[in-house]
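Take a look at the structure below.
Small disclaimer: the values here were computed from a predicted structure and weren't measured.
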Amino acid sequence: MSHDPQLARLGLFDARVPRYTSYPTAPHFGAEVGPADMARWIGAVPEFSEISLYVHVPFCRRLCWFCACRTQGTTSDEPVRAYVQMLKAELALLRRHLPRGVTLSRLHWGGGTPTLLGPDLIRELADAIQAVAPMAKDGEFSVEIDPNEIDDARLDALAAAGMNRASIGVQDFDPMIQKAIGRDQAYELTRNVAMRIRDRGVASLNTDILYGLPFQTGPRIADSVQKLLTLSPDRVALYGYAHVPWMSRRQQMIPSDAMPTPEERLALFETARQLFLWDGYVEVGIDHFAKPEDGLARALQTGALRRNFQGYTDDPAKVLIGLGASSISRFPQGYAQNASGTAEHTRAIRDGRFSTHRGHAFRGEDLLRARIIEALMCEFRVLKEELLREFDTSVARVDALFRTAAAAFGDMVHVTGEGFFIPERARPLTRMIARAFDAYDSEKARHSAAI
């Protein structure tokens, strides 16, 4: 992938663009969606269907400086124990509204650090989930694991609970970079944990690595990627670090003057990308890589690849229910987000109601535009025939959307009678091109208001 000068001209190195794990994106959620909508949407889930469940554990023993997630530090296990009891109450509330026979196609424990839970809490939570919705026959249960916060007893409990995919955050193996981002995690420790996970029969291993970190150079990221490859992960997320110290106070600990330039960031991504491709990984979307036999790679081949709040997924479920503070649920009717603070969320659950405090009910062209954006993010193309088959729209309307989006990008996109295509040289611009279909984009909204 060459560094086309048009990438700079079209704003690749200047613009801040959503990752489009939802449409509309979370900043555009509003207060019009509340607990009653959440209850009604759960009640509308078809009987005996498959859904996904995300469980958010917002606690960390240490707060990594690079992280902008909603987390809180704790040196005591008491807040974690209390939180698990709240999750059990939330699951009981969910059970009262969920139609019969529902099973889980995907179950994901994220955070924060879910592995802060001791073996007893892991068993309690897993049993409570099982009582509400057991795993489907081919279901996948994944857990985010911090190598600094795991032991054999917790691994045994997770394996006994049915964990069949583990996710390890690596970020970078270089000690200087780890120190700069507040994340000490030795390669030897990470390798050991990966081996112990596999020793327990866990079939699949995910890893995350970041580019665009302070002090990161081509040789340094190459060394980290090569070490990562020795773990033989089935799936890798290569995320770009977003340095936003004005939004995330902990990022103020990171030296801004040590950050790579936007052009250097692109070179770092390309270095890592080539190493994954040379090692036989399949490139999935804009920032994932998978072994050819992994579910993501197969979904890409069959056109079943999708995008949700965890990034790329092969999950076929149309409903994702989020449990815990700040979690977001997705239904065919719209999005619903729980209260962000653990105290506020807990109060609502204790009162016997969902803590939903914001969201978005789909309207107008939301679902049409959401599918266009998802298709571009997943396959770098969207076919007109698919849109006409799935949505109540017209050829003229689809053509108009394509023309409007293409106007700003010239020959960096291709519009034909079959659809809208992003050629390989323009793929670094994918999120910017997707934004051209975003009716809620703030810059476009301001422009419209000024006209």
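Shown here are the side-chain contact (heavy atoms from CB on, under 4.5 Å) partners of Arg81, two or more places apart in sequence or in another chain: Glu78, Asp120, Leu121. Under the side-chain hydrogen bond (donor to acceptor under 3.5 Å, both in side chains) criterion, Arg363 pairs with no residue at all, not counting sequence neighbours. Contacts of Asn206 classified as side-chain contact (heavy atoms from CB on, under 4.5 Å), with partners at least two apart in sequence or in another chain: Arg165, Ser167, Arg235. Not counting sequence neighbours, Ser76 has no partner by the side-chain hydrogen bond (donor to acceptor under 3.5 Å, both in side chains) test. Applying the salt bridge (Lys or Arg N to Asp or Glu O under 4.0 Å) test to Asp314 and every residue at least two apart in sequence or in another chain returns Arg106. Under the side-chain contact (heavy atoms from CB on, under 4.5 Å) criterion, Thr217 pairs with Pro219, Arg220, not counting sequence neighbours. Shown here are the salt bridge (Lys or Arg N to Asp or Glu O under 4.0 Å) partners of Asp199, two or more places apart in sequence or in another chain: there are none. For Glu344, the side-chain contact (heavy atoms from CB on, under 4.5 Å) criterion is met by Ala339, Arg347, not counting sequence neighbours. For Arg196, the side-chain hydrogen bond (donor to acceptor under 3.5 Å, both in side chains) criterion is met by Asp152, Asn192, not counting sequence neighbours. Under the salt bridge (Lys or Arg N to Asp or Glu O under 4.0 Å) criterion, Arg100 pairs with Glu47, not counting sequence neighbours.
Listed for the Thr115 side chain is a donor-acceptor partner under 3.5 Å among the backbone atoms of Glu149. Between the side chain of Asn164 and the backbone N or O of Gly139, at least one donor-acceptor pair lies under 3.5 Å. The main-chain N or O of Asp174 is never found under 3.5 Å from a side-chain atom of Asp223 such that the two would form a donor-acceptor pair. With Thr113 contributing its side chain and Leu116 its backbone, the two residues share no donor-acceptor pair below 3.5 Å. Remark: the backbone N or O of Phe437 is paired with a side-chain donor or acceptor of Arg369 at under 3.5 angstrom. Counting only distance, with no hydrogens or angles, the side chain of Glu144 and the backbone of Gly111 share a donor-acceptor pair below 3.5 Å. For the pair Ser22 (side chain) and Pro24 (backbone), a donor-acceptor distance under 3.5 Å is present. Between the Glu90 side chain and the Met86 main chain, no donor and acceptor come within less than 3.5 Å of each other. Looking at Glu50, its side chain never comes within 3.5 Å of a backbone N or O of Leu104 through a donor-acceptor pair. Counting only distance, with no hydrogens or angles, the side chain of Asp37 and the backbone of Gly34 share a donor-acceptor pair below 3.5 Å.
Screening residues 158-200 for ring-ring contact (aromatic ring centres under 6.0 Å, His included), with sequence neighbours left out, gives Phe173-Tyr187.
Using a 4.0 Å cut-off between charged nitrogen and carboxylate oxygen, Arg62 and Asp146 count as a salt-bridge pair. Taking the charged nitrogens against the carboxylate oxygens, Arg273 and Glu270 do have a contact shorter than 4.0 Å, which makes a salt bridge. Salt-bridge check for Arg154 with Asp151: passed, with a basic side-chain N closer than 4.0 Å to an acidic carboxylate O.
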Problem - Asp438/Tyr23 under side-chain contact (heavy atoms from CB on, under 4.5 Å): CA gap, chis, key distance, verdict - result: CA-CA 8 Å; Asp438 185 347; Tyr23 178 80; 3.1 Å; yes
Problem - Chi angles and distances behind the side-chain contact (heavy atoms from CB on, under 4.5 Å) call for Leu205, Arg198 - result: CA-CA 8 Å; Leu205 179 66; Arg198 288 202 165 107; 3.6 Å; yes
Exercise for the section: For the pair Arg61 and Asp77, evaluate salt bridge (Lys or Arg N to Asp or Glu O under 4.0 Å) and give the outcome as yes or no after the intermediate values. Expected result: CA-CA 10 Å; Arg61 198 72 72 193; Asp77 289 340; 3.2 Å; yes
Handout entry: Val319/Trp41 under side-chain contact (heavy atoms from CB on, under 4.5 Å): CA gap, chis, key distance, verdict
Key = CA-CA 10 Å; Val319 171; Trp41 292 349; over 6 Å; no
Practice task
Step by step, work out the salt bridge (Lys or Arg N to Asp or Glu O under 4.0 Å) result for Arg371 and Glu374.
Solution key: CA-CA 5 Å; Arg371 180 56 195 145; Glu374 182 181 53; 2.7 Å; yes
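Side-chain contact of Ser105 with Asp315: a donor-acceptor pair under 3.5 Å is present, judged by distance alone. No side-chain donor from either of Lys227 and Thr190 sits under 3.5 Å from a side-chain acceptor of the other. Residues Tyr312 and Asp287 bring no donor and acceptor atom of their side chains to less than 3.5 Å of each other.
Residues Leu401 and Glu365 approach most closely at CD2-OE1, 4.3 Å, considering heavy atoms. Across all non-hydrogen atoms, the minimal contact from Pro214 to Pro255 is CB-O, 4.4 Å. Closest approach of Pro18 and Arg431 over heavy atoms only: O-CD, 3.1 Å. Smallest separation of non-hydrogen atoms from Ala325 and His56: O-CD2, 3.0 Å. The two residues Pro114 and Val57 have their closest heavy-atom pair at CA-CB, 4.0 Å. The two residues Asn308 and Gln310 come nearest to each other via the heavy atoms OD1-N, 2.9 Å.
Rounded to the nearest 0.5 angstrom, Thr430 OG1 and Ile373 CD1 are separated by 12.5 Å. To the nearest 0.5 Å, atom CD1 of residue Ile321 and atom CG of residue Leu323 are 7.5 Å apart. From Glu293, atom CD reaches atom CG of Asp234 across 7.0 Å, with rounding to the nearest 0.5 Å. Atom CD1 of residue Ile145 and atom CG of residue Leu155 lie 5.5 Å apart, to the nearest 0.5 angstrom. Annotation: the span from Leu93 atom CG to Leu87 atom CG amounts to 12.0 Å, rounded to 0.5 Å.
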I'd like a table of donor-acceptor pairs (distance under 3.5 Å, sequence neighbours excluded) in which one partner is a side-chain atom from residues 122-138, with atom names and distances.
unit_1: Glu124; atom_1: OE1; unit_2: Gln85; atom_2: NE2; d: 3.1
unit_1: Glu124; atom_1: OE1; unit_2: Lys88; atom_2: NZ; d: 2.9

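Judged by a 6.0 Å distance limit and a 45° cone about the ring axis, Arg358 is not positioned over the six-membered ring of Phe29.
The distance between the ring centers of Tyr83 and Phe59 falls below 6.0 angstrom. If you look at Tyr440 and His360, their ring centroids are closer than 6.0 Å. Between Phe354 and His345, the distance from one ring center to the other does not fall under 6.0 angstrom. You'll find the ring centres of Phe276 and Phe289 inside the 6.0 Å limit.
The aromatic rings of Tyr54 and His108 sit parallel to each other, their planes meeting at less than 30°, with 60° as the upper class boundary.
Looking at Leu238 and Phe269, their side chains come closer than 4.5 Å, going by heavy atoms from C-beta outward.
Only one option out of Leu268, Asp172, Thr271 pairs with Tyr211 in a side chain to side chain contact (heavy atoms under 4.5 Å, CB included); it is Leu268.
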